[in-house]
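See below for the structure under consideration.
We count ligands from 1, going down the list as the structure has it; atoms in each ligand are counted the same way. All residue numbers in this chain count up from 1 along the given sequence. No experiment lies behind these values; they were computed from the predicted model shown.
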Amino acid sequence: MPPIALTPRSIPSVDKLLADCAPEIDRYGRSLVTEFVRELLEELRGGKRPELVAGDQFEHSVFQALLRSKLVSIARNSQRAVLNLTGTVLHTNLGRAVLPAEAAAAVAEAMTSATNLEYDLDRGARGERDDHLSNWLTRLTGAEAATVVNNNAAAVLIVLGTLAARKEVIVSRGELVEIGGAFRIPDIMSRAGCKLIEVGTTNRTHLRDFADAIGPRTAALMKVHTSNYAIHGFTAQVAEDKLAQLAHERGLPFIVDLGSGMLVDLDRWGLPHEPTVRETLAHGADVVTFSGDKLLGGPQAGMIAGRRELLARINRNPLKRALRVDKMRIAALEAVLKLYADPDRLRARLPTLAWLTRPRDEIEQVAKAVLPSLQAALAGHADVALVDCRSQIGSGSLPVDLLPSVGLASRPVDAGRRSGRRVERLAAAFRKLPVPVIGRIQEGVLVFDLRTLNDPSVLVDQLQHLVLEVPGASRAAPNTDAQKATAS
Ligand SMILES: *Cc1c(COP(=O)(O)O)cnc(C)c1O
């Protein structure tokens, strides 16, 4: 039976409805509430809200509920905290590095007050925004000079655009990387106005390949850290010091895009070696670029460290103004760089490093603490088990090195053929939580890697909000078919 249309007179007026909305107006403001009240009434008149009508009565309580849900959903921040249990510590789609408390405090202070961003307090005159960071960067890398731009892609762009515009840059074919989010070395080269000269082959490049390619239009030799893939087998790369030597013999700068770039040796925590900026500079690199929010564990930023005269040219490039970082990121980065001055306590203070070096047993304790609650929350829906798994560093760092970890694996019960869809829905239910929980799906199982969960209660508290579809509901149709088939 079609819903009985309300007569226009039995639809309450906007003013009348607003009169009942004092708490909503107080909370969300009159303008938004009025807009949504009008919207709902419009939808009702357009026949799109049959639930607002019972017989010939207007359903006030349904109206209130619909209005509230519209308000709640618009008031919620679009970008919000999630629990990254994907097992990828530096997940680009989930915002990469989680910053330390020191950085958060510094950002809060910088954002809520005026600062000496470009003001020299000693002289009472204009200062340089770079000064807040360049001292730390030179101290931590041994570089003569350093600057910071928006991200590492911007760093590569401005370095090439300054040192090699309308000229040629020689790069090994094995290093023409694409980083997630459309950063491709060949594209950046052309945007920077340089001509890319590829040398060698995908798997092997020799020093003589570079030497033979140097000509009158060559502006630089470049090395790109192949951060998100590894080539195995019959391979050859030219060592940094050899390339630096060749470049310098021919009067050319040697540029290195380190990608992640680390400021301390990860070996001391038993992690695979990642080249440090200091090492690369010591090998003779003239300019090194690296990211702020990868292994460094800071905010998005692109660091450029190297020889003083080259940095001076880069700083004079008008692009520098377009790519500069704001006071909040400077505050965050300064706070993070400061932590590197005390490597002994770095692990305890820097979340990225703490997670990457977290002992398997400690992760297992967290998994065991969460297990009973997750089992209870998913009872009748999925079987939950403790599993060994492997975390990745992510963001193109150390792609082949996986860290032993412990996770909770949820497998939908009686899923059979539909296991793919069932596990997708289970994952979707976790994404709908007030603090969305993001895992990874692996062979029909939803896995939460607990490496990045510090406090079990953060996850356990979310579980009470979990809304799962009734098992069997989605299988009703096939079951009926099966019954019919048996009956006939
Ligand atoms: C990640 C990466 C980039 C891009 O850095 P962003 O900070 O994300 O802009 C460039 N080059 C290499 C080798 C990288 O690994």
Q | Residue Lys294 vicinity, atoms of ligand 1 by number, heavy atom under 4.0 Å | A | 1 (C), 2 (C), 3 (C), 5 (O), 14 (C), 15 (O)

Q.
Pair His91, Asn84 - check side chain to side chain donor-acceptor pair (under 3.5 Å), show working.
A. CA-CA 8 Å; His91 198 301; Asn84 169 16; 5.7 Å; no

Q: Please state whether Gln300 comes within less than 4.0 angstrom of ligand 1, counting heavy atoms only.
A: no

(Q) Ring centres under 6.0 Å, that's the criterion: do Phe430 and Phe448 meet it? (A) yes

(Q) Show the atoms of ligand 1 that are less than 4.0 angstrom away from any heavy atom in Ala153. (A) 4 (C), 5 (O), 6 (P), 9 (O)

(Q) Side chains of Lys223 and Thr280 only: does a donor on one sit below 3.5 Å from an acceptor on the other? (A) no

Q: Measure the distances from the heavy atoms of Val156 to every atom of ligand 1 and state whether one is below 4.0 angstrom.
A: no

Could you give the side-chain donor-acceptor pairs of residues 214-221 under 3.5 Å, partners two or more places apart or in another chain?
unit_1	atom_1	unit_2	atom_2	d
Arg217	NH2	Arg166	O	2.6
Thr218	OG1	Gly215	N	2.8
Thr218	OG1	Gly215	O	3.1

Q) Does CZ in Arg360 sit with more than 12 non-hydrogen atoms of other residues, nucleotides or ligands closer than 6.0 Å? A) yes

Q: Number the atoms of ligand 1 from 1 as they appear, then name those within less than 4.0 Å of a heavy atom of Asp257, with their elements.
A: 10 (C), 11 (N), 12 (C), 13 (C)

Q. Is it the case that Gln392 and Arg390 place a side-chain donor and acceptor less than 3.5 Å from each other?
A. no

Q: Output the list of atoms in ligand 1 that are nearer than 4.0 Å to some heavy atom of His225, sorted by atom number.
A: 13 (C)

Q | From the candidates Val224, Asn152, Val149, the one that places a heavy atom nearest atom 5 (O) of ligand 1 | A | Asn152

Q. So with a 6.0 Å cut-off around CD of Glu309, is the heavy-atom count from everything else above 12?
A. yes

Q: Pull out every atom of ligand 1 sitting under 4.0 Å from any heavy atom of Ser291, numbered as shown with elements.
A: 5 (O), 6 (P), 7 (O)

Q) Counting only heavy atoms, which portion of Arg96 has something under 4.0 Å from ligand 1: side chain, backbone, both, or neither? A) side chain

